[in-house]
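One structure is given below, encoded as structure tokens.
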Amino acid sequence: MSTATARMKYPRVKNYYNGQFVDSSSSADLDVVSPVDGNLLSMVPMSSTDELNAAVDSAKKAFPGWSSLPIKERVQVFFKYRQLLERDLDELTALVSEENGKTWEEARAEVDKSIELTEFACSMPQLVSGEILEVSRGVECRIDHFPLGVVASIVPFNFPLMVPNWTMPNALVLGNTMIMKPSELVPLSCQRMAELLREAGLPDGVFNVINGGKEIVEGICDHKDIEAVSFVGSTKVAKLVYQRSTQNLKRCVALGGAKNHLFVLPDANPTMTATNVTASMSGCAGQRCMAASAMLAVGNVDPIINQIVEEARKVVPGKNLGAVISPVAKDRIESYITDAEKAGAKILLDGRGAKVEGKEGGTYVGPTVIDHVTPDMSVAKEEIFGPVISIMRTDTVDEAIKIENENPYGNAASVFTQSGGMARYVMEHASAGMIGVNIGVPVPREPFSFGGWNESRFGANDITGKSSIEFWTKLKKTTTKWNPEAGVNWMS
Ligand code: NAD
């Protein structure tokens, strides 16, 4: 055993297929490091395409048995899985927090959300009962949802447990079998998820996990036996995955990055606005695709900006602010702040150089509020993915809407105002898939579906909720005529 492996808190991450945890034969491993303190948690293999092929074979073998079970039987496994998530709530919270760096409360919310997603999947029998109608005397048309076959889910680092639970429960309850590709930065929660599914009684091969990077993602997009690919991650990779898998004639939904705008109007409730804006920009250290990143200050909202700075001062790295994922991420975020300063913006609160006593190896950035940003600056245009808010000042709501509309992303936008008319106006004109009114993080709860617009999502469906049913199934339309005495000769 090398010194590095001896220091590891957990054994090397395994792949999972045919119901077995398998040691990868790859010799290319990456360190899994906790952003909390820089400690080595584990090693993750960069698996080969042969290993991906073995996992797809396992999923393919499991498909006929799993898909032919009535949905009411399939769903029983997920009632049990939900119980296990609840049983292991503290353990899962600790794991998410240490591998991702988020605070205990944020990690706990992620497990709670995974439970809610599973509950939605458990309600699926009520949602997919199909349709039937007598279309002519004695002639009946019916529609049934059929599973697609082997499907894949490629996930990012920022929600190690929740994002896999966006896709896995719905896809499986609907009768598909799945290959999951975790983020190589946070592979431990997915491995634990596989253990829980096995304990819940999921048949072998229905759920499979292959660890790796680019090569595995490309292998998934190219694999002839994979019918559909869901992806969540950066826009750059979302485009590649969408193009490559649709080129190979697969279904694909690929969610990308974000630059979410908050419109703050002078009549907004100052305390509600300041607390919501601060929580949105700093929650999960700004590493949420729904995080507030740009604030459009319409007219004179100086008192609200002052209050935001006061609120943000209460957000302290290592206490109620978690770590960012890696030293690379910390450098990227800090250089955005430096670039804004050089370009003439005013830093009202500076999170650069944050250190947490006793956790010197951790990667922290403090909350950062930048004022007088102009739309041409990189902090105004690009996704920063850190606890940073860039304030742009406008005289009118239309000017603010123009800035928001010109940004290529379109995940979320929120408006803070007491005026129903203004809220409605922004809701109609913002170019984003998820809108908040006096809400900093407007995530639609189940059964409403999650998905952005523009370069924040490629493909026709949202990834959760009712919209995902269309993605994970194909419709079969059957027309039946049984009673000759009806005397109908309809399309005989
Ligand atoms: P990422 O794009 O770097 O990685 C996502 C997945 O793609 C990982 O599994 C990774 O292994 C793989 N990957 C990375 N580079 C690749 C390449 N060149 N070719 C093929 N595969 C590759 O994203 P991330 O850094 O893990 O996550 C953060 C990003 O995800 C942010 O942009 C964030 O906005 C976005 N995100 C979006 C949503 C949404 O709902 N729109 C949700 C969560 C995260």
Side-chain angles (χ1 to χ4, degrees), residues 13 28 30 32 35 44-47 49 52 99-102 110 113 117 152-167 179-187 189-190 209-222 229-245 252-260 283-293 324-326 328-330 332-333 382-386 407-412 432-434 441-444 449-459 461-465 467-468:
V13 178
L30 297 180
V32 181
V44 61
M46 295 294 99
S47 310
T49 41
L52 171 66
E99 75 169 337
N100 171 276
K102 56 182 74 176
E110 183 166 345
K113 183 67 192 174
L117 289 157
S153 177
I154 302 158
V155 292
F157 79 80
N158 63 329
F159 286 92
L161 190 72
M162 182 193 78
V163 170
N165 279 292
W166 275 359
T167 55
I179 309 295
M180 176 74 67
K181 208 300 279 172
S183 161
E184 58 276 38
L185 299 172
V186 294
S189 299
C190 261
V209 183
I210 289 289
N211 292 283
K214 187 170 185 267
E215 191 185 339
I216 293 298
V217 170
E218 291 178 351
I220 286 172
C221 298
D222 294 345
V229 177
S230 73
F231 172 89
V232 182
S234 61
T235 290
K236 182 177 142 245
V237 185
K239 279 184 189 170
L240 294 173
V241 167
Y242 186 77
Q243 282 165 341
R244 194 157 176 153
S245 48
C252 182
V253 61
L255 269 53
K259 184 82 190 171
N260 305 313
C284 296
Q287 300 174 121
R288 276 197 285 226
C289 65
M290 296 294 278
S293 181
V324 297
I325 189 68
S326 63
V328 174
K330 180 176 159 74
R332 187 197 64 238
I333 298 161
E382 294 165 24
E383 179 174 45
I384 301 171
F385 226 49
N407 191 275
Y409 295 108
N411 218 35
M434 292 170 280
V441 186
V443 173
S449 59
F450 187 102
W453 285 7
N454 310 329
E455 299 218 336
S456 292
R457 190 199 66 190
F458 305 95
N461 294 95
D462 286 341
I463 204 158
T464 66
S467 177
S468 73

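For reference, positions follow the sequence shown, starting with 1. All ligand and atom numbering here is 1-based and tracks the order in the structure. We use all heavy atoms of the structure for the numbers below, so side chains are in, but hydrogens, waters and symmetry mates are not.
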Point to revise | Residue part near ligand 1, for Val163, under 4.0 Å between non-hydrogen atoms | key: neither
Point to revise | Side chain to side chain, Pro156 and Ser183, heavy atoms closer than 4.5 Å | key: no
Revision key, fill the gap. The atoms of ligand 1 lying under 4.0 Å from a heavy atom of Gly257, numbered in the order shown, are 32 (O), 34 (O)
Review point. Can a salt bridge be assigned to the pair Arg244 and Glu218 using a cut-off of 4.0 Å between side-chain N and carboxylate O?
Key: yes
Check your understanding: With a 4.5 Å limit on heavy-atom distance, are the side chains of Ile220 and Leu52 in contact?
Key -> yes
Review point. Of all the heavy atoms in Tyr409, does at least one lie under 4.0 Å from an atom in ligand 1?
Key: no
**Study point:** Close side-chain approach of Val232 to Ile463, heavy-atom, < 4.5 Å
**Key:** yes
Exercise for review: Do me a favour and list the nearest non-hydrogen protein atom to atom 26 (O) of ligand 1 with residue, atom name and distance?
Suggested key: Phe157 N, 3.1 Å
Study note, to complete from the structure: Nearest non-hydrogen protein atom to atom 27 (O) of ligand 1, with distance, is Pro156 CB, 3.3 Å
Practice item. State, yes or no, whether a side-chain contact exists between Met46 and Glu215 at a heavy-atom distance under 4.5 Å. Key: no
Check your understanding: Taking the side chain as C-beta and beyond, is there a heavy-atom pair between Phe458 and Thr235 under 4.5 Å?
Key -> yes
Review point. Can you check whether Ala291's main-chain N or O pairs, donor with acceptor, with Asn260's side chain at less than 3.5 Å?
Key: yes
Review point. Quick one: does Glu383 get an N or O within less than 3.5 Å of an N or O on ligand 1?
Key: yes
Point to revise | Pair Glu99 + Lys102: basic N to acidic O under 4.0 Å | key: no
Practice item. Decide whether an N or O pair under 3.5 Å exists between Glu218 and ligand 1. Key: no
Revision key, fill the gap. Honestly, for Phe450 the part within reach of ligand 1 (heavy atoms, under 4.0 Å) is side chain
Practice item. Could you list which atoms of ligand 1 come closer than 4.0 Å to a heavy atom of Phe231? Key: 2 (O), 5 (C), 6 (C), 7 (O)
**Study point:** Protein heavy-atom partner closest to atom 12 (C) of ligand 1 - residue, atom, separation in Å
**Key:** Val217 CG2, 4.1 Å
**Study point:** Closest approach of any protein heavy atom to atom 14 (C) of ligand 1, naming residue and atom
**Key:** Val237 CG2, 4.0 Å
Revision key, fill the gap. If you scan protein heavy atoms around atom 3 (O) of ligand 1, the nearest is Ser234 OG, 4.1 Å
Review point. Just heavy atoms, cut-off under 4.0 Å: does Glu184 contact ligand 1 by side chain, backbone, both, or neither?
Key: side chain
Check your understanding: Does Asn100 use its side chain to pair, donor to acceptor, with the backbone of Phe157 at less than 3.5 Å?
Key -> yes
Review point. Under 3.5 Å, side chain of Glu110 to main-chain N/O of Leu161, donor-acceptor pair present?
Key: yes
**Study point:** Heavy-atom nearest neighbour of atom 42 (C) of ligand 1 within options Ala291, Ser456, Cys289
**Key:** Cys289
Point to revise | Passing candidate, side-chain hydrogen bond (donor to acceptor under 3.5 Å, both in side chains) with Ser449, options Asp462, Thr464, Asn461 | key: Asp462
Review point. Counting only heavy atoms, which portion of Pro182 has something under 4.0 Å from ligand 1: side chain, backbone, both, or neither?
Key: backbone
Point to revise | Closest approach of any protein heavy atom to atom 19 (N) of ligand 1, naming residue and atom | key: Lys214 CG, 3.4 Å
Review point. Is Gln287 close to Phe159 at the side-chain level, that is, under 4.5 Å between some pair of heavy atoms?
Key: no
Review point. Going by the order shown, which atoms of ligand 1 are within less than 4.0 Å of some heavy atom of Lys181?
Key: 8 (C), 9 (O), 10 (C), 11 (O)
Review point. Any donor-acceptor pair under 3.5 Å linking the side chain of Ser230 with the backbone of Val253?
Key: no
Check your understanding: At what distance is the nearest protein heavy atom to atom 8 (C) of ligand 1, and which residue and atom is it?
Key -> Val155 O, 3.3 Å
Check your understanding: Is the closest protein non-hydrogen atom to atom 36 (N) of ligand 1 under 4.0 Å?
Key -> yes
Point to revise | Option whose closest heavy atom lies nearest to atom 41 (N) of ligand 1, chosen from Gly452, Gly213, Ala412, Gly256 | key: Gly256
Review point. Of the protein's non-hydrogen atoms, which lies at the shortest distance from atom 28 (C) of ligand 1, and what is that distance?
Key: Phe385 CE2, 3.6 Å
Exercise for review: State the atoms of ligand 1, each with its element, that fall below the 4.0 Å cut-off from a heavy-atom position in Asn158.
Suggested key: 43 (C), 44 (C)
